[in-house]
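Below is one structure, written out as structure tokens, with a few remarks after it.
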Amino acid sequence: MNGIKIRGTGRGVPEHIVTNDDLARIVDTSDEWITARTGIRHRHHLQAGETITDLTVAAARGALEKAGVAPEDIGACIVATLTPETLVPSAACQVQRALGLPHDTICFDLNAACTGFLFALHTMECLLNASPRKFGLVIGAENLSRVTNWADRGTCILFGDGAGAAVVECREGWSSISAVLGCHGTGGMLRIPGPETGVPCHVYMEGTKVFKFAVEAVPWCIDQVLHRAGLTVDDVDFFVFHQANARIIDLAVRKYRIPQEKYYKNIGEYGNTSAASVPLVLSELEESGRVGPGSRVLTVAFGGGLTWGGAVVEFA
Ligand code: COA
């Protein structure tokens, strides 16, 4: 199978910022507790009149511009999300309409919770191998403030809204992203019920159990991906972690002795944006020049499902 590389990234973030002090006015919490336990200082939330579709389209447009790729060259568009604005049309079809992607562009949404962007990258690699057009749009977009229980201090402090996108290209001779993906079907420690289930459509989470799962899943994914790709930690230029809790990232960084210039945390700014978290990091890194042509990035994520995954993706 031919591999994919990233051509360009983009992002869409709501302007409205919710600080820890704002949350301390509605639940029994404090800036000190949230910062110490999670690393989150604030998060961005959509306001009335704004939609996640707007952010998704902005991220996709930014990625196309950065990549210098025209909409008519896109063979497939996948939006990883668990909070699309509308179930039908899908978020990907909304992007298709807004950007004028061709009618034979394969557009669909994918839900693998916080691991969604990695599931989408792998799916895109498979799709582009069979597509006559070799560019694809992979997007992660979430409106998590919509499924937040504002009375639950254990979860309402964690989540933010946003969208990140990458234009990828598939070429003969490029090596695969070596994606390692997995699922363990259980809603016991993390779930969001669907409509008409009789319970509010909110995040229900046993945080400490999810934390323990994540602390094991992250190194497992890193080891598996390195093994599959035939690489060592030193061969990786940059590590991009799902931004769920700064302490989870810190533990992984310590375990693998990853130097400070090889990883990045923006959880302080955005909180946990689920499927948008990895592409938001990629976009900020590319914009600041910390990754660019030739950079080899190892990315790892985990989330509800339960799901987990990792991949090695290069910038073209
Ligand atoms: N402010 C103040 N106190 C809080 C609080 C808040 N926002 N949330 C919980 N607490 C309290 C608890 O009630 C508990 O009090 P008690 O000891 O009197 O019972 C205490 O703090 C410890 O709670 P606990 O849930 O054990 O804290 P924690 O250290 O595990 O941190 C999370 C909670 C949610 C920050 C942490 O478990 C976490 O990040 N988990 C992973 C979440 C995640 O990644 N989810 C998404 C997956 S993609």
Looking at Glu196, I want to see if its CD is surrounded by more than 12 non-hydrogen atoms of other residues, nucleotides or ligands under 6.0 Å. no
Give me the atom names and distance for the closest heavy-atom approach of Tyr263 to Arg290. O-NH2, 3.8 Å
Could you check whether any side-chain heavy atom of Phe135 comes within less than 4.5 Å of a side-chain heavy atom of Val168, counting everything from C-beta outward? no
CZ of Arg43 to CG of Asp22, rounded to nearest 0.5 Å, is 8.5 Å
Side-chain donor-acceptor pair present, Thr9, Glu286, cut-off under 3.5 Å: yes
Looking at Thr197 and Pro193, would you say the former's side chain and the latter's main chain have a donor-acceptor pair under 3.5 Å? no
Using only heavy-atom distances, determine whether the side chains of Asp237 and Ser295 contain a donor-acceptor pair under 3.5 Å. no
Are Asn129 and Ser131 linked by a side-chain donor-acceptor pair shorter than 3.5 Å? no
Going from CG on Asn2 to CD on Glu172, what distance comes out if it is rounded to the nearest 0.5 angstrom? 5.5 Å
Could you tell me the separation between the OG atom of Ser178 and the CG atom of Leu226, rounded to the nearest 0.5 Å? 9.5 Å
With a 4.5 Å cut-off on side-chain heavy atoms, are Thr273 and Leu280 touching? yes
Of all the heavy-atom pairs spanning Val138 and Phe117, show the shortest one and how long it is. O-CE1, 3.4 Å
Taking atom CZ of Arg191 and atom OH of Tyr204, what is their separation to the nearest 0.5 Å? 7.5 Å
Any donor-acceptor N/O pair, Gln243 side chain to Phe241 backbone, under 3.5 Å: yes
Test Trp150 against His45 for ring-ring contact (aromatic ring centres under 6.0 Å, His included), laying out the working first. CA-CA 13 Å; Trp150 297 109; His45 284 172; 5.5 Å; yes
Looking at CG of Asn245 and CG of Leu251, how far apart are the two atoms once the value is rounded to the nearest 0.5 Å? 9.0 Å
Is there a continuous path of hydrophobic side-chain contacts, each under 4.5 Å between heavy atoms, that joins Ile34 to Val203? yes
When you group the ILVMFWY residues by side-chain heavy-atom contacts below 4.5 Å and let the links chain together, are Val79 and Phe119 in the same group? no
I'd like to know if Val253 and Leu285 are part of one continuous hydrophobic network [Ile/Leu/Val/Met/Phe/Trp/Tyr, side-chain heavy atoms within less than 4.5 Å]. no
Sole candidate of Leu101, Ile78, Leu127 that passes side chain to side chain contact (heavy atoms under 4.5 Å, CB included) when paired with Ile106: Leu127
side-chain contact (heavy atoms from CB on, under 4.5 Å) between Val69 and Ile74, worked out: CA-CA 8 Å; Val69 169; Ile74 297 294; 4.1 Å; yes
Can you tell whether the side chains of Arg133 and Asp104 come within less than 4.0 Å, N to carboxylate O? yes
What's the verdict on side-chain contact (heavy atoms from CB on, under 4.5 Å) for Val312 and Ile177, showing C-alpha distance, side-chain angles and the deciding distance? CA-CA 5 Å; Val312 181; Ile177 61 171; 5.7 Å; no
N/O donor-acceptor pairs under 3.5 Å from side chains in residues 152-159, not counting sequence neighbours:
unit_1, atom_1, unit_2, atom_2, d
Asp152, OD1, Gly154, N, 3.0
Asp152, OD2, Thr155, OG1, 2.8
Arg153, NH1, Asp28, O, 3.0

Quick one: does Val240's side chain get under 4.5 Å of Tyr264's, heavy atoms only? no
Pair Asp161-Ser145, side-chain hydrogen bond (donor to acceptor under 3.5 Å, both in side chains): steps then yes or no: CA-CA 6 Å; Asp161 302 333; Ser145 60; 2.7 Å; yes
Closest non-hydrogen atom pair between Ala311 and Ala179, with its separation: CB-CA, 4.1 Å
What residue pairs, at least two apart or across chains, pass salt bridge (charged side-chain N to carboxylate O under 4.0 Å, His left out) with a residue in residues 260-273? Asp250-Lys265
Interatomic distance, CZ@Arg11 vs CG@Asn266, rounded to 0.5 Å, equals 9.0 Å
Side chains of Val147 and Leu144: closer than 4.5 Å at any heavy-atom pair? yes
Count the heavy atoms belonging to other residues, nucleotides or ligands that lie under 6.0 Å from CZ of Arg97, then report whether that count exceeds 12. no
Should Val215 and Lys255 count as side-chain neighbours, where that means a heavy-atom distance under 4.5 Å? no
Same cluster for Val297 and Val225 if Ile/Leu/Val/Met/Phe/Trp/Tyr side chains link at under 4.5 Å? no
Please test Arg296 against Phe315 for side-chain contact (heavy atoms from CB on, under 4.5 Å), starting from the C-alpha separation and ending with a verdict. CA-CA 7 Å; Arg296 180 187 283 147; Phe315 278 70; over 6 Å; no
Can you list the residues that meet the side chain to side chain donor-acceptor pair (under 3.5 Å) rule with Asp31, with sequence neighbours excluded? Asn20, Thr35
Is it the case that Gln94 and Thr86 place a side-chain donor and acceptor less than 3.5 Å from each other? yes
Could you go through Val300 and Trp308, starting from their C-alpha distance and side-chain angles, then the distance that decides it, and tell me whether this counts as side-chain contact (heavy atoms from CB on, under 4.5 Å)? CA-CA 8 Å; Val300 50; Trp308 56 89; over 6 Å; no
Relative to the ring of Tyr270, is the ring of His44 parallel (under 30°), tilted (30 to 60°) or perpendicular (over 60°)? tilted
Just by distance, with hydrogens left out, do His242 and Ser277 show a side-chain donor and acceptor under 3.5 Å apart? yes
Min side-chain heavy-atom separation Leu99-Leu137 under 4.5 Å: yes
Under 4.5 Å between any side-chain heavy atoms of Ile192 and Cys201, yes or no? yes
How close do Ala214 and Ile248 get, heavy atom to heavy atom, and via which atoms? CB-CD1, 3.7 Å
Does any non-hydrogen side-chain atom of Ile6 lie less than 4.5 Å from one of Val291? no
Please determine whether residues Leu110 and Leu282 belong to a single hydrophobic cluster, defined as Ile, Leu, Val, Met, Phe, Trp and Tyr linked transitively by side-chain heavy-atom distances below 4.5 Å. yes
Of all heavy-atom pairs between Asn272 and Ile40, which one has the smallest distance, and what is that distance? N-CD1, 4.5 Å
So, does Glu50 use its side chain to make a donor-acceptor pair with the main chain of Gln47 at under 3.5 Å? yes
Salt-bridge test for Lys134 and Glu169: reply yes if a basic N is under 4.0 Å from a carboxylate O, no otherwise. no
Taking atom NE2 as the centre, does His16 end up with more than 12 heavy-atom neighbours from other residues, nucleotides or ligands that are less than 6.0 angstrom away? yes
For a quick check under 3.5 Å, do Glu125 and Ser176 share a side-chain donor-acceptor pair by atom type? yes
Between Thr38 and Ile267, what is the shortest heavy-atom contact and its length? O-CD1, 3.8 Å
